[in-house]
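Order of appearance sets the numbers: ligands from 1, and atoms from 1 within every ligand.
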Amino acid sequence: MRKIFAFALAALLLLAGCGFRGGIAAPSTVEPAVTTTAPATTPPPRRYNGIAEGDVIVGELTFYCDCAKCNGVKYAGVTADGIVLADVAPGDYSVAGANWLPFNALVDVDGTVYRIADRGGPGLNQVGRLDIYTPEGHEAALTLGRVYGAEVRIVTLPGG
Ligand SMILES: [Zn+2]
């Protein structure tokens, strides 16, 4: 009886672990380009505050790391939706902050897909403004500076 209980607990923990990893492995879950010849069956793009999947927006980018200078002491190291930034290895998946998109929206900037996992000051309210997490650290973020006129494509919006 005790053995069965231990097995059930292990299975439960395994399931919980899978769920969490699935939630953050954003780039690998991006759907491939649809090449079907039956557009009538394609669901309409999801929308959020007038922004639709597939929209291309002229954006403005800034860059940040997980330090207290970039986030304030209270929020250093953790995104607004609870991701520990130190666990994000370069090339693992990419995180960006914005206030005009929901959490888990995916955006493509120059071929890199970012998952919206963070929020920021009022500057990030502006449509197209993204603060991009830079795992290489504070100096790297400063060096990247500010990029105007970036092409931001809305890949997917959550829900639906
Ligand atoms: Zn920093």
Q. Can you find a side-chain donor-acceptor pair between D108 and Y114 that sits under 3.5 Å?
A. no
Q. In terms of side-chain heavy atoms, does T62 have a donor or acceptor partner in R129 at a distance below 3.5 Å?
A. yes
Q: Ignoring hydrogens and angles, tell me if any N or O in the side chain of N71 forms a donor-acceptor pair with the backbone of C65 under 3.5 Å.
A: yes
Q) Donor-acceptor pair, Y133 side chain versus L85 backbone, under 3.5 Å? A) yes
Q: With 2.8 Å as the limit, jot down which protein N, O or S atoms are around the Zn ion (ligand 1).
A: C65 SG, C67 SG, C70 SG, H138 ND1
Q | Within-4.5 Å side-chain heavy-atom neighbours: V109 and E151 | A | no
Q | More than 12 heavy atoms of other groups within 6.0 Å of Y75 OH | A | no
